[in-house]
Amino acid sequence: MALLRESETLKALRNTVSDEISRIKDKSQAQDKILEMREVSQRIKGMDEELKQLEEELNGFLLTVPNLPDPATPLGASENDNVLVRTWGEPADYSFTPRPHWEIGEDLGILDFECGAKLTGARFTLYRGAGARLERALINFMLDLHTDGHGYLEVLPPFMVNRESMQGTGQLPKFEEDLFRLVDPEFFLIPTAEVPVTNIHRGEILKKSDLPICYAAYTPCFRREAGSYGKDTRGLIRQHQFNKVELVKFTHPSESAAELENLTGNAEKVLQLLGLPYRVMALCSGDIGFSASKTYDIEVWLPGQSCYREISSCSTFGDFQARRAGIRFREEEKSKPEFVHTINGSGLAVGRTLVAILENGQQEDGSVLIPDVLRPYMGGLERIVSR
RNA sequence: GGAGAGAUGGCCGAGUGGCCGAAGGCGCUCGCCUGCUAAGCGAGUAUACUGGGAAACCGGUAUCGAGGGUUCGAAUCCCUCUCUCUCCGCCA
């Protein structure tokens, strides 16, 4: 701080003296001042270098500091301390033992894990026929619902972004090992549409009257899943590449709490229309993400595994991302810009939704019933049967 | 991939070393004026950090794509990078 003051004082001196020099017609008379300023400039340069280094250290540190949990976020150490908020729907009773989706999908010939591994490696899958069609149907169904039904603006962003974008939403610098990175040029495959969509307004001052701004985006997502070896190795649950429809809102700070509830409700609506039972959990302070201040996870019922699995994560970030990315608005025409709040959530993870449809819609004969709302997107198909 | 042209305020656009945080225009805001509207007139109109003040406000520093260099002094000169545009080639 003191260093900054001194540097600025010297700069002020240099500026005024330089101004005087400019007014001296006879340059020989200005020689002594020029020499003096030459020295001042050297000192400024030294100080600025030091300042820059200090600033870099400070910023580097600040970028690794996580967001503060919202007061409404329950305290806790792990996912075991998450709080059940509500449940919807009843897991069906089966007259047979429900099978996991990887068996159903392989038997129907619509999911080919082996081929995915051949083409690329572990955690990649080839969809075939009705499986590929179902994935596409879900994307379209979700986008139509959120745009026509919930008023979001559809956007289709790049699937790779630069380092600044990753820093704006908080993936970098701390979580580089979770990302796929291209070397030349240095781009990152997005781990979620949250990254490009939130960065749409990076460095902007938004009009208060435009808030909230609501975007819906379909993108594939790419994750290294470092540190998850041996976890969910079978099936579609944990892939290096998966599809997702993401909802993103930029809101006035006073509206963000209510908008998180809205957005979570918008995501839940997808499951309700598909007739898939789910529950909503409030993540505790120990399980919440680095950038989030409050998070609801929506977990869908998977009878093949007799458990609820996360299918959407809806978070408010407060002004955390807005600070990093410089996204602001003005309360009054002339007032100082303030940071907006950002909110986002999956609406929904498409692959996991397909999993839920296979497992919840499975019949004793191995076929799978397609939810009514999806049939128009499936060319009228009501049931997936083995070919 | 080859050749060239650019990047300046909300927008357009001037500015080739000091009088430039930046002409002019548009837009916008406030005021005036005109019996409505349109036109006209006047003033204002970037951001961050920072010093003083209760505040209105006054002062300092930085920012003319980004970073570095030359210089007492850079929007202006030099280097590197990024992006945009035009032409040629290639390509879904």
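Scope of the values below: all heavy atoms of this structure, side chains included, with no hydrogens, waters or symmetry mates. Residue numbering restarts at 1 for every chain, and letters A, B, ... go by the order of the sequence lines.
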Visitor: If B:U61 has a Watson-Crick or G-U wobble mate with both distances under 3.5 Å, name it; if not, just say none.
Guide: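 Answer to the pairing question: B:A48, which forms a Watson-Crick or G-U pair with B:U61.
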Visitor: Please determine, for B:C77, whether a Watson-Crick or G-U wobble partner exists with both distances under 3.5 Å, and give it or none.
Guide: B:G69
Visitor: Does A:E176 come within less than 4.0 Å of A:R163, counting only side-chain N to carboxylate O?
Guide: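 Looking at A:R163 together with A:E176, the answer is yes, because their closest N to O distance falls below 4.0 Å.
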Visitor: Can you tell me the distance, in whole Å, between the CD atom of A:E8 and the C1' atom of B:G52?
Guide: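 Value for this atom pair: 15 Å.
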Visitor: Checking base pairs now: Watson-Crick or wobble, both atom distances under 3.5 Å. What partners B:C26?
Guide: B:G10
Visitor: Grab the CD-P distance between A:E338 and B:A48 for me, whole Å please.
Guide: 11 Å
Visitor: Starting at CZ of A:R14 and ending at P of B:G18, how long is that distance when rounded to a whole Å?
Guide: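 The distance from CZ of A:R14 to P of B:G18 comes to 16 Å, rounded to the nearest Å.
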Visitor: What does B:C85 pair with, Watson-Crick or G-U, if both distances are under 3.5 Å?
Guide: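 B:G4 is the nucleotide pairing with B:C85.
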Visitor: Considering only atom P, compute the distance from B:C85 to B:U70 and round it to an integer number of Å.
Guide: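 One P to the other, the span is 35 Å.
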Visitor: If the C1' atom of B:A43 is compared with that of B:A38, how far apart are they to the nearest Å?
Guide: 22 Å
Visitor: Need to verify one output field. Residue with the more 5' nearest nucleotide on RNA chain B, A:R38 or A:L13?
Guide: A:L13
Visitor: B:U82 C1' sits how many Å from A:E186 CD, rounded?
Guide: 14 Å
Visitor: Could you tell me whether A:K207 contacts a base, only the sugar-phosphate backbone, or nothing, with contacts defined as non-hydrogen atoms closer than 4.0 Å?
Guide: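 It contacts nothing in the nucleic acid.
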Visitor: Would you indicate, yes or no, if B:U61 has its OP1 or OP2 atom less than 4.0 angstrom from a side-chain nitrogen or oxygen of A:N15?
Guide: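 Yes.
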Visitor: Counting side-chain heavy atoms from C-beta on, which of B:G73, B:G68, B:U47 comes nearest to A:S18?
Guide: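 The answer is B:G73, which lies nearest to the side chain.
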Visitor: Identify the nucleotide, in any strand shown, that forms a Watson-Crick or G-U wobble pair with B:A56, with both distances under 3.5 Å; if there is none, say none.
Guide: none
Visitor: Give, for atom CD of A:E6 and atom CD1 of A:I44, the distance between the pair rounded to the nearest 0.5 Å.
Guide: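 Rounded to the nearest 0.5 Å, the CD-CD1 separation comes to 10.0 Å.
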Visitor: Counting only side-chain nitrogens and oxygens, does A:R328 get under 4.0 Å of the OP1 or OP2 atom of B:A48?
Guide: yes
Visitor: Looking only at atom C1', what distance separates B:A66 and B:G60, rounded to whole Å?
Guide: 26 Å
Visitor: Base, sugar-phosphate, or nothing for A:K33, non-hydrogen atoms under 4.0 angstrom?
Guide: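 Here A:K33 touches no strand at all.
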Visitor: Quick one: sort the A:F96 and A:Y94 rings into parallel, tilted or perpendicular, breaks at 30° and 60°.
Guide: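 Ring orientation of A:F96 relative to A:Y94: perpendicular.
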Visitor: Using a cut-off of less than 4.0 Å, is there contact between a side-chain N or O of A:S41 and OP1 or OP2 of B:G73?
Guide: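 Checking B:G73 against A:S41, a side-chain N or O does come within under 4.0 Å of OP1 or OP2.
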Visitor: Using 30° and 60° as the class boundaries, would you call the ring planes of A:Y215 and A:H201 parallel, tilted or perpendicular?
Guide: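 The arrangement is parallel - the two ring planes meet at less than 30°.
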Visitor: Does atom CG of A:D93 have more than 12 heavy-atom neighbours, drawn from other residues, nucleotides or ligands, at distances under 6.0 Å?
Guide: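 Open.
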Visitor: Could you check which nucleotide pairs with B:C90 in any of the strands shown, counting Watson-Crick or G-U wobble with both distances under 3.5 Å?
Guide: none
Visitor: Please name the nucleotide paired to B:U16 by Watson-Crick or G-U wobble geometry with both distances under 3.5 Å, or report none.
Guide: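 Its partner: none found.
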Visitor: Rounded to whole angstrom units, what separation is found between the CD1 atom of A:I21 and the P atom of B:G18?
Guide: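 Distance check: A:I21 CD1 to B:G18 P gives 14 Å.
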Visitor: Using the C1' atom as the point on both nucleotides, what is the distance between B:G89 and B:G1, in whole Å?
Guide: 8 Å
Visitor: For residues 275-285 of chain A, please give each side-chain donor-acceptor pair under 3.5 Å, one per line with the distance, not counting sequence neighbours.
Guide:
from	atom 1	to	atom 2	distance (Å)
A:Y278	OH	A:E268	OE1	2.7
A:Y278	OH	A:Q272	NE2	2.8
A:R279	NE	A:E299	OE1	2.7
A:R279	NH2	A:E299	OE1	2.8
A:S285	OG	A:G76	N	3.0
A:S285	OG	A:G76	O	3.2

Visitor: Can you check the A:I205 CD1 to B:A48 C1' distance for me, whole Å?
Guide: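 It is 10 Å, rounded to the nearest whole Å.
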Visitor: Would you say A:K11 reaches B:C72's phosphate, i.e. side-chain N/O to OP1/OP2 under 4.0 Å?
Guide: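 So the side-chain polar atoms of A:K11 never come under 4.0 Å of the phosphate oxygens OP1 or OP2 of B:C72.
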Visitor: Under a 3.5 Å cut-off for both distances, is B:C32 Watson-Crick or wobble paired, and to whom?
Guide: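 B:G40 - that is the nucleotide pairing with B:C32, both distances being under 3.5 Å.
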Visitor: Does A:I327 reach the side chain of A:N199, with side-chain heavy atoms less than 4.5 Å apart?
Guide: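 No, their side chains stay 4.5 Å or more apart.
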Visitor: Determine the Euclidean distance between corresponding P atoms of B:G15 and B:G69; express it in Å to zero decimal places.
Guide: 29 Å
Visitor: Taking the P atom of each, how far is B:C28 from B:C20, in whole Å?
Guide: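 About 29 Å, rounded to a whole number of Å.
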Visitor: Ignoring backbone atoms, establish whether A:R323 has a side-chain N or O less than 4.0 Å from OP1 or OP2 of B:A48.
Guide: no
Visitor: Taking for each residue the nucleotide of RNA chain B with the nearest heavy atom, is it A:K45 or A:F187 whose nucleotide lies nearer the 5' end?
Guide: A:K45
Visitor: Can you tell me, in whole Å, how much space there is between the C1' of B:C64 and that of B:C77?
Guide: 16 Å
Visitor: Taking B:U61 as the reference, what is the distance to B:G21 when you measure between their P atoms (whole Å, please)?
Guide: 10 Å
